[in-house]
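We name chains A, B, ... by the order of the sequence lines, and we start the count at 1 in each one.
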Protein chains: 2
Amino acid sequence: MAHGHLDLLLLGVLRRGGPLHGYAVIAGLRDASGGEFDLPEGTVYPALHKLERNGFVRSDWSIVDGRKRRLYALTGTGRAALAAKKKEWAMFRSGVDAVLA
Amino acid sequence: MAHGHLDLLLLGVLRRGGPLHGYAVIAGLRDASGGEFDLPEGTVYPALHKLERNGFVRSDWSIVDGRKRRLYALTGTGRAALAAKKKEWAMFRSGVDAVLA
DNA sequence: CGCCATACCTAGATAATCTAGGTATGGCGC
DNA sequence: GCGCCATACCTAGATTATCTAGGTATGGCG
């Protein structure tokens with residue numbers, strides 16, 4: 001469903017909303033995209049873990065509303081990666097549009 | 001490299017250029033996209049075969065410039081599929097852009 | 001006549017994403 | 001106070017898409 005642009009979307013939604021937990025990432029993506037991206041947990045959680053392994057996000061367990069949640073936040077590296085991926089996306093997008101024009 | 005939109009690109013390039021053979025599809029995609037999509041043969045040929053199995057393109061062997069080439073052309077079904085995939089692309093595109101906005 | 005670009009192809013590897021499970025807990029209705 | 005549902009997290013394995021790395025054949029050029 002995210003067709004190879006999942007990392008971009010995850011980094012993007014984290015940049016908008018500040019620290020978010022997994023479920024909120026899914027909900028944020030669904031809302032921000034107008035329902036276009038309603039990703040399964042089994043897609044999002046492993047992807048967040050990979051982003052953390054790569055140093056693009058950092059996570060902390062905290063208790064919000066009396067519930068344990070793992071909050072994900074962008075790192076500096078992640079912000080830079082987001083900027084790079086946004087450029088790639090812009091090129092990809094105009095490449096596709098050019099072929100379809 | 002085509003991140004899940006390969007079929008769209010192949011159908012799109014065939015719509016622009018009329019019947020094309022495999023190599024010309026690759027070159028057409030490279031040129032039309034301004035170099036963004038320079039796909040390996042091992043990606044394009046199997047994808048064209050799959051499009052043909054699905055009835056989206058039709059192929060005929062012919063001799064062009066004294067060389068055997070398999071020319072691919074859009075079918076009616078393929079044209080409809082292209083229209084549908086263009087709509088999907090537009091939604092995908094605005095979904096991503098909305099998340100990044 | 002040998003080589004290179006063109007032209008076609010497939011098998012197997014790799015990578016991304018999804019399916020289908022599993023666990024735990026807070027709050028709500030009864 | 002108990003059962004259930006939504007929230008919240010997770011992983012293993014399957015699936016799918018795409019790429020890598022090969023292979024073959026031929027026309028034209030030096």
Side-chain angles (χ1 to χ4, degrees), chain A residues 1-11 13 17 19-31 33 36-54 56-57 59-72 81 85 88-89 92 95-96, chain B residues 1-11 13-14 17 19-31 33 36-54 56-72 81 85 88-89 92 95-96:
Chain A
M1 215 172 194
H3 294 319
H5 299 281
L6 179 57
D7 292 354
L8 171 68
L9 292 172
L10 295 178
L11 295 172
V13 81
L20 294 174
H21 63 279
Y23 242 62
V25 165
I26 292 173
L29 224 39
R30 189 181 340 98
D31 296 349
S33 70
E36 176 73 7
F37 302 120
D38 193 2
L39 305 177
E41 301 167 44
T43 296
V44 171
Y45 284 113
L48 286 171
H49 298 163
K50 195 179 151 216
L51 289 176
E52 185 163 29
R53 277 201 307 283
N54 293 341
F56 296 160
V57 303
S59 78
D60 296 289
W61 282 101
S62 42
I63 313 248
V64 182
D65 299 329
R67 223 171 213 300
K68 255 178 58 175
R69 296 153 193 262
R70 187 197 279 269
L71 289 178
Y72 289 93
K85 279 171 194 298
E88 281 169 37
W89 162 250
F92 179 83
V96 174
Chain B
M1 212 169 198
H3 293 320
H5 299 280
L6 180 57
D7 291 353
L8 171 69
L9 292 171
L10 295 177
L11 295 173
V13 82
L14 284 173
L20 294 175
H21 63 278
Y23 242 63
V25 165
I26 292 173
L29 223 38
R30 189 181 341 97
D31 297 348
S33 70
E36 176 72 7
F37 303 119
D38 192 1
L39 304 177
E41 300 167 46
T43 296
V44 171
Y45 284 113
L48 286 170
H49 298 162
K50 194 179 152 216
L51 288 176
E52 186 164 28
R53 276 201 309 282
N54 293 340
F56 295 159
V57 303
R58 167 180 28 84
S59 79
D60 296 290
W61 282 101
S62 43
I63 314 247
V64 183
D65 299 329
R67 221 170 214 301
K68 252 178 60 175
R69 299 156 191 259
R70 185 198 281 271
L71 290 177
Y72 289 92
K85 280 172 194 296
E88 281 169 37
W89 161 250
F92 179 83
V96 174

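Residue His49(A) places at least one side-chain N or O closer than 4.0 Å to OP1 or OP2 of dC10(D). Regarding contacts with the backbone of dA16(C), a side-chain N or O of Lys50(A) is found under 4.0 angstrom from either OP1 or OP2. Within the 4.0 Å cut-off from OP1 or OP2 of dA7(C), at least one side-chain nitrogen or oxygen of Arg69(B) is found.
His3(B) has its NE2 atom 12 Å from the C1' atom of dA17(D), to the nearest Å. Atom NE2 in His21(B) sits about 17 Å away from atom P in dT26(D), given to the nearest Å. The interatomic distance linking Arg67(B) (CZ) with dC9(C) (P) rounds to 13 Å, in whole Å. A straight line from OH of Tyr23(B) to P of dT26(D) spans 16 Å, rounded to a whole angstrom. Taking atom CD on Glu41(A) and atom C1' on dA6(D), their separation rounds to 11 Å, with Å as the unit. Residue Glu52(B) contributes atom CD, which lies 16 Å from atom C1' of dT10(C) at whole-angstrom precision. With rounding to whole Å, Arg70(B) atom CZ is found 10 Å from dC9(C) atom C1'. When the P atom of dA8(D) is taken as reference, atom CG of Leu20(A) falls 11 Å away, rounded to whole Å.
Across all strands shown, dT19(C) forms a Watson-Crick or G-U wobble pair, both distances under 3.5 Å, with dA12(D). dT26(D) and dA5(C) make up a base pair, with Watson-Crick or G-U wobble contacts both under 3.5 Å.
For the atom pair NZ (Lys85(B)) and CG (Asp7(B)), the distance works out to 5.0 Å, reported to the nearest 0.5 Å. Taking CZ of Phe37(A) as the start and CG of Leu10(A) as the end, the distance is 11.0 Å to the nearest 0.5 Å.
Within 4.0 Å of Gly4(B), counting heavy atoms only, lie sugar-phosphate atoms of the nucleic acid but no base atom. Residue Gly22(B) is classed as a sugar-phosphate contact, given heavy-atom separations below 4.0 Å to backbone atoms only. Among the protein residues, Phe37(A) comes within range of no part of the nucleic acid, since none of its heavy atoms lies under 4.0 Å from any strand.
Minimum atom distance to the side chain of Pro40(B) is reached by dT20(D), of the listed dT20(D), dC9(C), dC9(D). Comparing atom distances between the Tyr72(A) side chain and each of dT20(D), dG27(D), dC10(D) picks out dC10(D) as nearest. Candidate nucleotides dT17(C), dC8(C), dC10(D) were compared by shortest atom distance to the side chain of Tyr45(A), and dC10(D) ranks first.
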Evaluate the criterion side chain to side chain contact (heavy atoms under 4.5 Å, CB included) for residue pair Tyr72(A) and His49(A); output intermediate values, then yes/no. CA-CA 10 Å; Tyr72(A) 289 93; His49(A) 298 163; 3.4 Å; yes
For the pair Leu6(B) and Leu39(B), evaluate side chain to side chain contact (heavy atoms under 4.5 Å, CB included) and give the outcome as yes or no after the intermediate values. CA-CA 10 Å; Leu6(B) 180 57; Leu39(B) 304 177; 3.4 Å; yes
Before giving the answer on side chain to side chain contact (heavy atoms under 4.5 Å, CB included), spell out for Phe56(A) and Lys50(A) the whole-Å C-alpha distance, their side-chain angles and the decisive distance to 0.1 Å. CA-CA 9 Å; Phe56(A) 296 160; Lys50(A) 195 179 151 216; over 6 Å; no
